[in-house]
2 protein chains.
Amino acid sequence: MTSVSDDSSPSVRQRRPTMRDVARLAGVGIKTVSRVINGEPNVSPGTTERVRRAAADLLYEPDLHAGNLRRADGRSRTLGLLVSSVANPFAAQVHRAIERVAIEYGYAVLAASLEDDPAAELRAVTALARRRVDGFIVTPVRDDQSYLRVHVDRGTPLVCVDRAPRGIETDCVVTANVDGARDAVRHLLSFGHRRIAFLGDLDRIETARLRREGYVTELAAAGIDVDPALVVLGLHDDATATAVARRLLTLPDPPTAIFSSQNLITIGTIRALQQLGLEHKVALVGFDDVETGDLMKPAITAVAQDPDRIGRLAAERLFAHLDGDTSPARQVVVPTRLIVRGSGEIPAPGGAAH
Amino acid sequence: MTSVSDDSSPSVRQRRPTMRDVARLAGVGIKTVSRVINGEPNVSPGTTERVRRAAADLLYEPDLHAGNLRRADGRSRTLGLLVSSVANPFAAQVHRAIERVAIEYGYAVLAASLEDDPAAELRAVTALARRRVDGFIVTPVRDDQSYLRVHVDRGTPLVCVDRAPRGIETDCVVTANVDGARDAVRHLLSFGHRRIAFLGDLDRIETARLRREGYVTELAAAGIDVDPALVVLGLHDDATATAVARRLLTLPDPPTAIFSSQNLITIGTIRALQQLGLEHKVALVGFDDVETGDLMKPAITAVAQDPDRIGRLAAERLFAHLDGDTSPARQVVVPTRLIVRGSGEIPAPGGAAH
DNA sequence: CAGGCTCCTGACAACGTTGTCGGGCGCAAG
DNA sequence: CTTGCGCCCGACAACGTTGTCAGGAGCCTG
């Protein structure tokens with residue numbers, strides 16, 4: 001029956017139908033339409049059918065936000081996600097995992113990319129709060145998240161991913177950064193390396209600090225002093241990493257192995273090694289897997305994170321809170337996995353310590 | 001003066017303040033608060049200051065959706081983005097570019113990942129429509145987008161990215177798929193290849209069809225018949241691509257070059273070549289650049305798309321419509337760029353045609 | 001046949017905000 | 001002194017929906 005509305009090509013601007021319009025067409029009260037749309041009980045089958053038909057004829061779409069205004073739970077069925085950078089493959093994977101869970105719960109995801117800019121974090125939280133998202137999943141970029149307390153107190157749960165928050169106690173899902181870094185370094189040590197360089201991201205980023213801590217701890221456990229000349233921090237893109245790696249590798253007493261503590265840094269380091277023709281001589285282990293690492297020569301040994309699991313766990317914690325879970329904040333640590341492919345198994349020259 | 005509200009640790013659930021609360025605290029009418037919050041004129045400096053202070057004290061955040069309900073333009077300052085897959089690096093780059101433009105305009109982005117599932121496209125559009133996004137940027141997945149007509153007619157502009165829509169006339173920003181594919185094939189022809197394989201994505205995806213068209217056209221222009229045995233469609237992940245490439249390469253009369261028409265397919269193909277030890281013997285050109293393509297041996301020659309430009313142009317077209325531009329629908333084609341790195345410059349054995 | 005229960009339905013207020021409008025005040029001009 | 005105008009300001013309705021409530025119809029029970 002659904003009468004196809006006049007289908008002439010010159011599409012004209014039309015008013016968007018409301019429940020009122022549907023009610024009029026179906027010859028019922030507006031509240032009855034509301035009941036049918038929301039699947040509430042106590043509407044006769046005949047009425048239900050008439051309302052359904054009218055809604056379909058008008059291509060009616062309910063206004064979720066208008067409903068929330070009055071609805072008891074006030075839920076917008078939207079959650080806010082703050083990601084370090086949409087273009088970072090790790091973050092993209094986390095995003096996808098979160099969205100998958102969100103869809104299961106009938107939620108949409110408002111995502112904002114921070115590009116590791118502290119000001120962007122504030123801007124994005126404000127933008128999301130004004131849109132009344134039901135919950136936040138945040139990758140902390142600022143060095144203090146206490147400003148989020150007020151949102152939690154007002155009933156908007158918060159889960160942090162990838163990095164622990166500061167200034168607020170809240171659920172948080174992170175990679176085992178220290179252990180993963182120790183694994184990487186231990187692996188290199190087991191191939192006889194004693195001069196292992198560390199290439200780290202900006203030290204204000206928590207994961208960068210933790211990975212450095214793992215590096216230092218594992219060296220200490222092996223009785224090796226950290227050579228400050230082999231530790232470079234503050235790298236955030238591959239070009240800088242290439243330059244720094246070249247400098248280290250051309251030192252009078254260069255490292256025999258490199259632990260690069262982040263994706264882009266690893267890529268920059270590989271480029272430097274290839275440029276100097278050292279990719280088969282100097283060992284390399286990266287933190288965070290490089291997607292095509294198995295296609296390079298040598299293939300890249302890496303400490304892989306599990307972004308899918310991290311995203312899923314974070315989303316599940318958030319929905320648990322939305323379902324009323326009030327258990328105390330806890331930190332979930334997701335272990336890493338060392339993927340052995342070749343670049344990390346190049347033995348130290350001579351095999352003995354310096 | 002901003003009195004720091006009682007900072008005891010046991011954070012208690014609090015009511016979210018409204019304009020009413022701010023008005024009461026500032027001792028003014030609610031409409032005056034509205035004026036101050038929205039920067040409307042004709043409020044005395046003293047009153048403005050009192051309202052500002054009250055709003056800050058209460059940590060008031062306006063409810064954007066409640067405002068839209070009444071606001072003349074009814075703008076939610078949110079736009080909906082449907083992306084083929086959040087995990088696809090190309091799509092992620094497009095997403096980022098769009099978000100950058102959106103932020104400039106004070107907009108937030110509601111993104112949904114479709115995973116190339118036609119049903120997901122419908123679901124996502126409905127979810128976004130109910131949230132009253134001001135505009136759609138859609139990567140078409142279904143074979144018909146006419147269902148979006150009604151949203152456009154009701155004043156929600158639509159721009160398509162990456163793939164042209166069907167069943168509706170609307171702005172659209174796409175890669176020069178045919179020309180790019182022809183460039184790739186011409187490049188291989190110039191190195192003497194006559195048996196060039198084509199590895200394509202699912203044929204229901206428009207870009208896959210267009211790239212195949214480019215392949216066929218360029219071969220025809222060179223007077224070469226397409227050997228059906230060398231054309232494989234329907235590949236959508238790297239594992240399948242690897243299997244298919246292996247099969248082709250072990251044919252009695254194998255191809256001397258491969259044109260892989262998508263990112264993941266290229267990766268799968270490289271893996272097959274390496275497994276068979278043919279990576280320096282069989283030429284390869286990929287459509288869509290592989291991020292670490294320069295680190296492989298041989299480095300990968302690719303037809304690079306420009307996701308940044310595509311995303312930016314799409315967002316700008318959308319905002320132009322939101323600003324009242326009513327010019328007719330147009331298709332913007334973004335050219336590709338052939339990046340020569342090595343894998344595509346392996347000459348055909350013998351150098352002569354079959 | 002009265003009373004009570006269940007089912008179905010719609011009038012109305014309310015959600016938090018903005019548009020409209022009109023009133024009060026101060027000041028300049030007639 | 002009156003008039004008129006511009007600036008501030010708040011009461012009120014309205015946006016599209018849902019919660020509350022009360023009323024009517026139908027049925028069963030005693």
Side-chain angles (χ1 to χ4, degrees), chain A residues 15-52 54-55 58-78 129-134 154-156, chain B residues 15-52 54-55 58-78 129-134 154-156:
Chain A
R15 208 174 54 81
R16 197 193 299 278
T18 69
M19 275 198 177
R20 192 175 225 74
D21 300 313
V22 178
R24 203 149 30 211
L25 181 57
V28 300
I30 182 177
K31 178 67 222 221
T32 299
V33 176
S34 170
R35 272 189 271 257
V36 172
I37 297 290
N38 293 290
E40 286 173 35
N42 297 340
V43 182
S44 74
T47 308
T48 302
E49 185 49 27
R50 283 213 317 289
V51 171
R52 285 247 166 74
L58 296 174
L59 294 173
Y60 169 73
E61 288 287 358
D63 184 327
L64 194 61
H65 297 307
N68 291 335
L69 207 52
R70 190 65 171 92
R71 206 188 301 272
D73 63 7
R75 294 274 174 87
S76 61
R77 299 198 151 274
T78 305
R130 295 187 173 189
R131 286 172 177 81
R132 296 294 188 262
V133 295
D134 295 342
R154 287 173 185 168
T156 311
Chain B
R15 209 174 54 81
R16 197 193 299 279
T18 69
M19 274 197 177
R20 190 175 226 76
D21 301 312
V22 177
R24 203 150 29 213
L25 181 59
V28 301
I30 182 177
K31 178 68 221 221
T32 300
V33 177
S34 170
R35 272 189 272 258
V36 172
I37 296 291
N38 293 290
E40 286 173 35
N42 297 340
V43 182
S44 75
T47 307
T48 303
E49 186 49 28
R50 283 216 312 292
V51 171
R52 285 247 165 74
L58 296 175
L59 294 172
Y60 169 74
E61 288 287 358
D63 184 326
L64 195 59
H65 298 307
N68 290 335
L69 208 51
R70 190 66 171 92
R71 206 187 300 272
D73 63 6
R75 294 277 172 86
S76 61
R77 299 199 150 273
T78 305
R130 295 187 174 191
R131 287 173 176 80
R132 297 292 187 262
V133 295
D134 295 343
R154 287 174 185 168
T156 310

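Within every chain, numbering begins at 1; the chains are lettered A, B, ... in the order of the sequence lines, protein sequences first and strands thereafter.
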Subject >> For Ser76(A), side chain to side chain contact (heavy atoms under 4.5 Å, CB included) partners two or more places apart >> reply: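 If we apply the side chain to side chain contact (heavy atoms under 4.5 Å, CB included) test to Ser76(A), skipping adjacent residues, the hits are Asn68(A), Thr78(A), Asp134(A).
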Subject >> Net bend of the helix from dC1(C)-dG30(D) to dG30(C)-dC1(D), end axes of five pairs each, nearest 10 degrees >> reply: 60°
Subject >> Step-by-step side-chain contact (heavy atoms from CB on, under 4.5 Å) determination, Asp63(A) to Arg16(A) >> reply: CA-CA 10 Å; Asp63(A) 184 327; Arg16(A) 197 193 299 278; over 6 Å; no
**OP:** Using the closest heavy atom to pick a nucleotide of DNA chain D for each, name whichever of Pro45(B) or Ala66(B) lands nearer the 5' end.
**Re:**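 By nearest-heavy-atom nucleotide position, the 5'-most residue is Pro45(B).
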Original post:
At their closest point, which heavy atom of His65(A) faces which heavy atom of Arg131(B), and how far apart are they?
Top reply: NE2-O, 3.2 Å
**OP:** Could you pull out the closest heavy-atom pair between Glu61(A) and Arg130(B), with the gap in Å?
**Re:**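 Looking at all heavy atoms of both residues, the shortest contact is OE1-NE, 2.9 Å.
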Atom pairs and distances, donor-acceptor, side-chain atoms in residues 21-39 of chain B, under 3.5 Å, two or more places apart:
from     : atom 1 : to       : atom 2 : distance (Å)
Asp21(B) : OD1    : Arg15(B) : NH2    : 2.9
Asp21(B) : OD1    : Arg24(B) : NH2    : 3.0
Asp21(B) : OD2    : Arg15(B) : NH2    : 2.9
Asp21(B) : OD2    : Thr18(B) : N      : 2.7
Asp21(B) : OD2    : Thr18(B) : OG1    : 3.4
Ser34(B) : OG     : Asn38(B) : ND2    : 3.4
Asn38(B) : ND2    : Ser34(B) : O      : 2.8

Original post:
Between which nucleotides of DNA chain D, read 5' to 3', does contact with chain B run, using atoms under 4.0 Å from its heavy atoms?
Top reply: dC8(D) to dG16(D)
Subject >> Proximity to DNA chain C (any heavy atom under 4.0 Å), residues of residues 15-23 of chain B only >> reply: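 Heavy-atom cutoff 4.0 Å gives Thr18(B), Met19(B).
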Tabulate protein N/O versus nucleotide N/O from nucleotides 9-11 of chain C, keeping only pairs under 3.5 Å, one per line.
from    : atom 1 : to       : atom 2 : distance (Å)
dT9(C)  : OP1    : Ser44(A) : OG     : 3.2
dT9(C)  : OP1    : Thr47(A) : OG1    : 2.4
dT9(C)  : OP2    : Ser44(A) : N      : 2.9
dG10(C) : OP1    : Gly29(A) : N      : 3.1
dG10(C) : OP2    : Gly29(A) : N      : 2.8
dG10(C) : OP2    : Thr32(A) : OG1    : 2.5
dG10(C) : N7     : Arg35(A) : NH2    : 2.6
dG10(C) : O6     : Arg35(A) : NH1    : 3.3
dG10(C) : O6     : Arg35(A) : NH2    : 3.2

**OP:** Scan Asn68(B) against the nucleic acid and name what it touches under 4.0 Å (heavy atoms): base, sugar-phosphate only, or nothing.
**Re:** nothing
